[in-house]
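These numbers come from a predicted model, not from an experiment. Lettering of chains follows the sequences in order, A, B, ..., and the numbering in each one begins at 1.
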Number of protein chains: 2
Amino acid sequence: MKKYLKILRECPLFSGIEEENLLRMLTCLGARVESFDKKYTVIAEGNPAKYIGIVLTGSVQIVRIDYFGNRSILSEIYPSELFGEAFACAEVDAIPVTVIANEPSEIMLIECAHILHTCENNCGFHQQLIFNLMKDLATKTILFHQKMEITSKRSTREKLMTYLMMYAKKVNASRFEIPFDRQELADYLEVDRSGLSAEISKLRREGILESEKNTFELL
Amino acid sequence: MKKYLKILRECPLFSGIEEENLLRMLTCLGARVESFDKKYTVIAEGNPAKYIGIVLTGSVQIVRIDYFGNRSILSEIYPSELFGEAFACAEVDAIPVTVIANEPSEIMLIECAHILHTCENNCGFHQQLIFNLMKDLATKTILFHQKMEITSKRSTREKLMTYLMMYAKKVNASRFEIPFDRQELADYLEVDRSGLSAEISKLRREGILESEKNTFELL
DNA sequence: CTCGTTCTGTTGAAAATTCAACAGATTTAT
DNA sequence: ATAAATCTGTTGAATTTTCAACAGAACGAG
């Protein structure tokens, strides 16, 4: 576990926890680490939502696929970030999304019940963990609001431009690389891929942006 | 305050709090009650997100209106439910949505900082309140997932049917009244109103549903 | 290095959404 | 009760999106 300390210290779940206590706490929580190859399923839709996941290395996508196979990408999770916490904390009996490794990834899994309920050792950090979870869930809610601001736009162009402008603001640069290929971007924006490609070309012709592969520059 | 006890006991923020402690706690938290007429703004976009609101009577809508005046309805909040908690807990400096009274409503407002930080009286309920907020935020995240499941559908028909089927499941009845008029439903589903009306008529002609005003029956 | 797979941009046709306008129904205000 | 305002369903035209198909580019495996 020791080699993950650097990442775990950045994890919002453990903020305010002293490093010397962290390893002990992980044992107490029954944390375990699993590895997943690219495209492998970390948690499948329909399973009980018992675990909170922490990305240690690599990244995962939270996706939902409907009856007709349409994929919708809800978010991407990077090292030190959490996933599954909302479903675990709300104690829903089946998780409605699938978590897929985006690349070879190491994932820490912690049974949520171990966090929420005081352990026999009474290790005393539960209050801090619950506070951290609350903060994290509030932040996630904000992120969902942002995603809904994007997808609530009615046209492909508006969705794309809203996304790019938000991303530019987030990284504080007018030139940046996005974490999606075309199909993934389309599934995130909830539009048709070919229409998205066409729109990007159009924006380029109109001099509104430059782009090359996944790198964009707003002009 | 006493007359609101019945509703406040149902409020997820206060679950696990003894009734005899509730009134005292409200004073400690500096809770206050304000009244709003129909269509009046409870909290306007852009203001600092300091307050958690609790609907006591009536109801409010959480809406976002973009540059071009397109309205998007994010959710409706009914008595004993919370709003604004995500923005307040995440301590964002400007709330990105507007809260509007749906009908004459009484709203309790509590400064979030009073909940998160232990008060001078050390009244000892903060841990429970923080746990409750965490639970509430997890539940809200689930609700957002459901809304995104609706709006991620590509056609008006699919959005409408997904919404109606979810609503039927929620109230456990195939015949039910929805809380939206046509324009509001369109703004919630993020589609064009006239197209929505047309789609409802079409579904009725096809024998898939019955409807009269805001009452629907799935066949 | 080569072959096979995946990704991307383009295109045209079909389908759906949006938009504006309107008339009848319903609700609200006086 | 009447008038004014709002809400709803319909329609047709303009615009967009979706869908399927394809060819070249980029990538990965062996």
Intra- and interstrand pairs of DNA chain D - dot-bracket, Watson-Crick/G-U under 3.5 Å, | marks other strand = ||||||||||||||||||||||||||||||

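Not counting sequence neighbours, A:Tyr78 has no partner by the ring-ring contact (aromatic ring centres under 6.0 Å, His included) test. Considering only residues two or more places apart in sequence or on other chains, A:Glu184 meets the salt bridge (charged side-chain N to carboxylate O under 4.0 Å, His left out) condition with none of them. Considering only residues two or more places apart in sequence or on other chains, A:Glu212 meets the side chain to side chain contact (heavy atoms under 4.5 Å, CB included) condition with none of them. Evaluation of the ring-ring contact (aromatic ring centres under 6.0 Å, His included) rule for A:Phe36 yields no partner, not counting sequence neighbours. When the side chain to side chain contact (heavy atoms under 4.5 Å, CB included) test is applied to B:Ser174, the partners found at least two apart in sequence or on another chain are B:Glu217.
With contacts defined as side-chain heavy-atom distances shorter than 4.5 Å, the pair A:Met25/A:Phe14 qualifies. In this structure the side chain of B:Glu190 never reaches within 4.5 angstrom of the side chain of B:Ile150, judged on heavy atoms. Between B:Tyr163 and B:Tyr188 there is a side-chain heavy-atom pair separated by less than 4.5 Å.
Scanning DNA chain D 5' to 3' for nucleotides with an atom closer than 4.0 angstrom to a non-hydrogen atom of chain A gives a first and last hit of D:dT17 to D:dC27.
Residue A:Arg32 qualifies as enclosed at atom CZ: its count of foreign heavy atoms under 6.0 Å is above 12. By the 6.0 Å contact criterion, CE on B:Met165 is open, its count of non-hydrogen atoms from other residues, nucleotides or ligands being 12 or less. Heavy-atom neighbours of B:Asp37 CG from other residues, nucleotides or ligands within 6.0 Å: above the threshold of 12.
DNA chain D lies under 4.0 Å from no heavy atom of any residue of residues 70-77 of chain B. Listed in residue order, the members of residues 191-209 of chain B having a heavy atom less than 4.0 Å from DNA chain D are B:Arg193, B:Ser194, B:Ser197, B:Ser201.
A distance of 4.5 Å separates CD in B:Glu19 from CZ in B:Arg9, rounded to the nearest 0.5 Å.
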Can you give each donor-acceptor pair under 3.5 Å made by side-chain atoms of residues 88-102 of chain A, sequence neighbours left out, with the distance rounded to 0.1 Å?
{"unit_1": "A:Glu91", "atom_1": "OE1", "unit_2": "B:Lys135", "atom_2": "NZ", "d": "2.5"}
{"unit_1": "A:Thr98", "atom_1": "OG1", "unit_2": "A:Glu45", "atom_2": "N", "d": "3.3"}
{"unit_1": "A:Asn102", "atom_1": "ND2", "unit_2": "A:Ser59", "atom_2": "OG", "d": "3.4"}
{"unit_1": "A:Asn102", "atom_1": "ND2", "unit_2": "A:Glu76", "atom_2": "OE2", "d": "2.9"}

Protein-nucleotides 23-28 of chain C N/O pairs closer than 3.5 Å?
{"unit_1": "C:dT27", "atom_1": "OP1", "unit_2": "B:Lys213", "atom_2": "NZ", "d": "2.6"}

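In this structure, B:Glu158 places its CD atom 14 Å from C1' of C:dA15, rounding to the nearest Å. Atom CD in B:Glu190 sits about 10 Å away from atom P in C:dT18, given to the nearest Å.
Among residue pairs with one or both ends in residues 136-156 of chain A, those qualifying as side chain to side chain donor-acceptor pair (under 3.5 Å) are A:Glu85-A:Lys140; sequence neighbours excluded.
Of the candidates B:Leu82, B:Val33, B:Ile77, B:Ile54 forms a side chain to side chain contact (heavy atoms under 4.5 Å, CB included) with just one, namely B:Leu82.
In terms of phosphate contacts, A:Arg154 brings no side-chain nitrogen or oxygen within less than 4.0 Å of OP1 or OP2 of C:dT17.
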